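Have a look at the structure below before the remarks.
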Amino acid sequence: MPEYPPWNADRAASIIEQYRHHEGAALPILHALMEAFGHVPEPAIPLIAEALNLTRAEVHGVASFYHDFRRDPPGRHVLRLCRAEACQAMGADCLHDAARDRLGIGWHETTADGAVTLEPVFCLGLCAVAPSGMLDGAPLGRLDPAALNATLDTALEGAR
Amino acid sequence: MTRVFVPRDAASLALGADAVAAGLAGTGAQVVRTGSRGMFWLEPMVEVETPAGRIAYGPVRAADVSGLIAAGLLAGGAHPLRLGRPEDIAFLAGQTRFTFARCGVVDPGSLDDYRAAGGLKGLARALEIGPAATVAEVTASGLRGRGGAGFPTGIKWKTAADATAPRKFIVANADEGDSGTFADRMLMEGDPFALIEGMAIAGLAVGATNGFVYTRSEYPHAIAAFERALTAARAGGLLGADVLGSGVTFDITQRVGGGAYICGEETSLLDSLEGRRGQVRAKPPLPAIKGLFGAPTVINNVITLASVPFILAEGAPAYQGVGYGRSRGTMPIQLAGNIRHGGLFEAGFGLSLGEIVEDLGGGTATGRPVRAVQVGGPLGAYFPPALFDTIFDYEAFAARDGLIGHGGVVVFDDSVDMARQARFAMEFCAVESCGKCTPCRIGSVRGMEVVDRILAGRDVDANLELLRDLCETMKFGSLCALGGFIPYPVMSALTHFPEDFHRPALAAA
């Protein structure tokens with residue numbers, strides 16, 4: 001997982017410039033900012049608005065509509081666990097309780113040491129190998145308490 | 001050098017396929033990464049090319065590699081994990097693979113592989129017969145929208161073809177958000193050129209020169225595989241200013257969604273592509289007349305578009321000849337959740353739900369009795385085993401207050417609490433509602449609260465009556481299928497599993 005750099009208006013402006021001429025550029029810009037900064041920093045909103053000839057409220061409306069666009073930087077690792085039905089059928093709910101207990105955080109929260117952000121996801125398309133998840137983009141299948149703990153060990157260990 | 005094939009499908013990766021591939025690469029074999037054949041209880045499944053054809057082994061863990069090599073895997077040698085020829089495995093042998101014929105077989109990054117395995121014949125024929133005959137062929141095939149709505153594809157195409165406009169678009173809906181479904185993901189990771197070819201045929205048929213694929217962000221591997229295929233398609237002359245040397249222009253851009261389930265609804269998807277909040281549009285106007293950026297737009301599911309090359313290459317009768325009732329052709333049935341044989345089974349419509357769950361799926365993974373099966377994603381009904389005679393067909397499921405949707409089948413064993421599943425349906429709707437219409441936006445939150453009261457045993461009968469009434473309002477008053485269909489899982493849980501809703505009152509806190 002990359003360590004994200006602090007806010008840099010020039011970098012943001014060059015990202016926006018790269019996409020602004022595409023039709024319907026808002027989502028590609030927001031994704032590119034997420035990639036660069038790990039979240040969509042608040043000062044980026046007026047820059048996007050100006051580039052796309054929209055109001056700040058409109059850009060805020062778009063950015064806040066989609067679950068993907070975080071407003072705060074994530075931890076050093078992002079663990080996404082699938083909460084949808086196929087994973088429920090294989091005991092995901094219990095597993096998620098255990099994950100939250102061990103990390104001491106709820107959904108969308110980051111551990112106090114900044115190691116792990118826990119995010120719910122509704123389906124990763126890994127429904128035949130449920131329960132599933134993703135650690136920093138790497139898919140995880142047939143999670144059980146042991147596999148989940150090993151995953152958390154890696155995330156918490158690697159973060160130190 | 002002996003070639004061995006190791007899937008790079010995301011579900012195979014989730015089971016350790018990369019470590020297996022790395023182990024095999026160190027043995028002198030040439031490792032080719034493929035998609036998956038779709039038998040996930042056998043993944044990671046390794047195949048080796050031998051004079052007698054491919055021989056499969058699985059499920060292979062990284063720790064098994066040295067033993068397999070010692071047993072002569074590179075020559076197809078005997079080993080407890082040896083499965084024999086993949087085509088002879090009953091689960092594969094029983095399928096009618098039209099759309100997924102190449103998935104798990106070819107290198108998804110190689111246009112040459114695609115062509116060698118029969119690809120591009122459909123597009124060549126479409127170029128030969130021209131737009132009108134292409135639309136007629138798709139209409140005659142009986143193909144209906146595989147995203148779930150089941151609208152006849154040929155009619156949609158004809159509407160867009162007949163519209164006069166300076167520009168038109170082809171949009172592939174790869175926002176496969178239904179739990180229990182992964183067909184779009186598998187195809188984009190395993191045979192992405194089929195989607196590209198299907199879109200190029202659609203472009204030719206309706207006179208569109210640009211296509212968009214809207215892929216959900218939860219599918220990073222599909223996004224990457226499709227980008228690789230787009231690059232290869234442009235380099236190989238399948239896309240660009242002169243498609244296959246015909247003088248026709250067609251190109252495709254992939255866009256990534258923002259994690260909003262509602263953007264799988266076609267009009268929300270279009271708003272999202274335009275850079276807006278993914279909110280549902282009222283219809284009419286139909287997207288085929290006024291769609292993306294106001295232009296006539298064919299918006300089809302990935303599987304719909306990927307089914308088209310077969311139809312053009314083999315002719316409409318070959319596709320139309322398979323199926324049941326008004327559901328023609330094949331459907332990739334996706335077996336998921338608590339099931340022994342999880343995977344993708346492409347077959348003509350007409351199997352019974354019981355055959356799908358018990359015979360193909362082998363019952364539950366936990367070995368406990370099946371109690372409920374949700375078909376068609378989070379908006380689909382829960383079926384009890386008593387309804388296992390329901391035929392997998394658009395109309396038969398609708399007749400039993402359900403839907404087949406995108407073909408996902410999620411199995412639950414007898415530990416499931418159906419009142420909690422009803423609660424989840426309302427919660428999901430509340431989280432994912434786009435907010436445009438009141439029945440969905442407010443109704444889902446009220447629905448969650450009502451189910452909570454039922455779960456707590458408070459005024460159960462009165463609250464059940466309220467829940468039924470709310471479901472009626474949502475069903476008939478919502479603008480799109482999210483609020484309109486969420487009553488299906490709720491009401492089916494209530495109808496088929498009433499005992500789960502009559503709970504003792506909890507002691508007041």
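Predicted, not measured: the structure shown is a model, and the values here were computed from it. Atoms considered below: every heavy atom in the structure, side chains included; atoms not considered: hydrogens, waters and symmetry mates. Throughout, a chain's letter reflects where its sequence line sits, starting with A, and its residues are numbered from 1.
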Would one find more than 12 heavy atoms of other residues, nucleotides or ligands at under 6.0 Å from atom CZ of A:Arg100? yes

Taking it one step at a time, do A:Gln88 and B:Val410 satisfy side-chain contact (heavy atoms from CB on, under 4.5 Å)? CA-CA 10 Å; A:Gln88 292 168 14; B:Val410 177; over 6 Å; no

Under 4.5 Å from any heavy atom of chain A - which part of B:Gln334: neither

Without swapping roles, check the side chain of B:Arg185 against the backbone of A:Gly125 for a donor-acceptor pair under 3.5 Å. yes

Sequence-distant partners of A:His31, ring pair (Phe, Tyr, Trp, His ring centres under 6.0 Å), two or more places apart: A:Phe69

Mark yes or no for whether B:Arg277, through its side chain, and A:Gly61, through its backbone, hold a donor-acceptor pair below 3.5 Å. yes

Any chance CZ of B:Arg61 has more than 12 other-residue heavy atoms, nucleotides or ligands included, within less than 6.0 Å? no

Contact list (residues 212-224 of chain B to chain A, heavy-atom gap under 4.5 Å, by number) returns B:Tyr214, B:Arg216, B:Ser217, B:Glu218, B:Tyr219, B:Pro220, B:His221

Counting only heavy atoms not in B:Arg420 (residues, nucleotides, ligands), do more than 12 fall under 6.0 Å from its CZ? no

Bottom line for B:Ala183: the part with an atom under 4.5 Å from chain A's heavy atoms is neither

Give, as side chain, backbone, both or neither, the part of B:Arg276 having an atom under 4.5 angstrom from any heavy atom of chain A. backbone

d(A:Glu23 CD, B:Leu292 CG) to nearest 0.5 Å is 7.5 Å

Where do A:Val62 and B:Gly275 come nearest, in terms of heavy atoms and distance? CG2-O, 3.6 Å

Please identify, among A:Ser132, A:Ser64, A:Ala128, the residue contributing the most non-hydrogen atom pairs under 4.5 Å to chain B. A:Ala128

Under 4.5 Å heavy-atom distance to chain A, tell me which part of B:Leu344 shows up: side chain, backbone, both or neither. neither

Using heavy-atom distances under 4.5 Å, tell me whether B:Cys434 contacts chain A through its side chain, its backbone, both, or neither. both

If you take all heavy atoms of B:Gly278 and A:Tyr66, which pair is closest and at what distance? N-OH, 3.1 Å

Identify the heavy atoms of A:Cys127 and B:Gly180 that sit nearest to each other, and give their distance. SG-N, 3.1 Å

Flag yes if more than 12 heavy atoms outside A:Asn53 fall under 6.0 Å of its CG atom; otherwise flag no. no

In terms of heavy-atom pairs under 4.5 Å with chain A, which of B:Ala372, B:Gly435, B:Gly377, B:Ala336 leads? B:Ala336

Taking the six-membered ring for Trp and the full ring for Phe, Tyr or His, determine whether the centres of B:Phe428 and A:Phe122 are under 6.0 Å apart. yes

Name the region of B:Leu13, side chain, backbone, both or neither, that has any atom closer than 4.5 Å to a heavy atom of chain A. both

Can you tell me if B:Arg255 uses its side chain to pair, donor with acceptor, with the backbone of A:Gly24 under 3.5 Å? yes

Of B:Asp413, B:Asn338, B:Val411, the residue whose pairing with A:Met90 passes side chain to side chain contact (heavy atoms under 4.5 Å, CB included): B:Asn338

Min side-chain heavy-atom separation B:Tyr261-A:Cys123 under 4.5 Å: no

When the 4.5 angstrom heavy-atom criterion is applied to A:Met34 and chain B, the contacting part is neither

Within a reach of under 6.0 Å around CZ of A:Arg56, are more than 12 heavy atoms found that belong to other residues, nucleotides or ligands? no

Could you tell me which of B:Ser179, B:Ala260, B:Gly259 has the largest number of non-hydrogen atom pairs under 4.5 Å with chain A? B:Ser179

Residue B:Glu227 excluded, over 12 heavy atoms near CD under 6.0 Å: yes

Looking only at heavy atoms, the pair that brings A:Leu27 and B:Val256 closest together is CD2-O, 3.8 Å

With a 4.5 angstrom heavy-atom cut-off, is it the side chain or the backbone of B:Asp184 that approaches chain A, or both, or neither? neither

Would you please test A:Phe65 and B:Ser272 for side-chain contact (heavy atoms from CB on, under 4.5 Å) and show each step? CA-CA 10 Å; A:Phe65 179 86; B:Ser272 183; over 6 Å; no

Non-hydrogen atoms of B:Gly257 and A:Asp68 that approach each other most closely: O-OD2, 3.6 Å

Measure A:Leu124 against the heavy atoms of chain B and call it side chain, backbone, both or neither at under 4.5 Å. both

Is the shortest side-chain heavy-atom distance between B:Glu427 and A:Arg83 below 4.5 Å? yes

Region of B:Glu274 that comes under 4.5 Å of a non-hydrogen atom in chain A: backbone

Tell me, out of B:Gly177, B:Pro378, B:Gly342, B:Gly38, who's got the most heavy-atom pairs with chain A below 4.5 Å. B:Pro378

If you round to the nearest 0.5 Å, how far is OH of B:Tyr382 from CD of A:Glu85? 5.0 Å

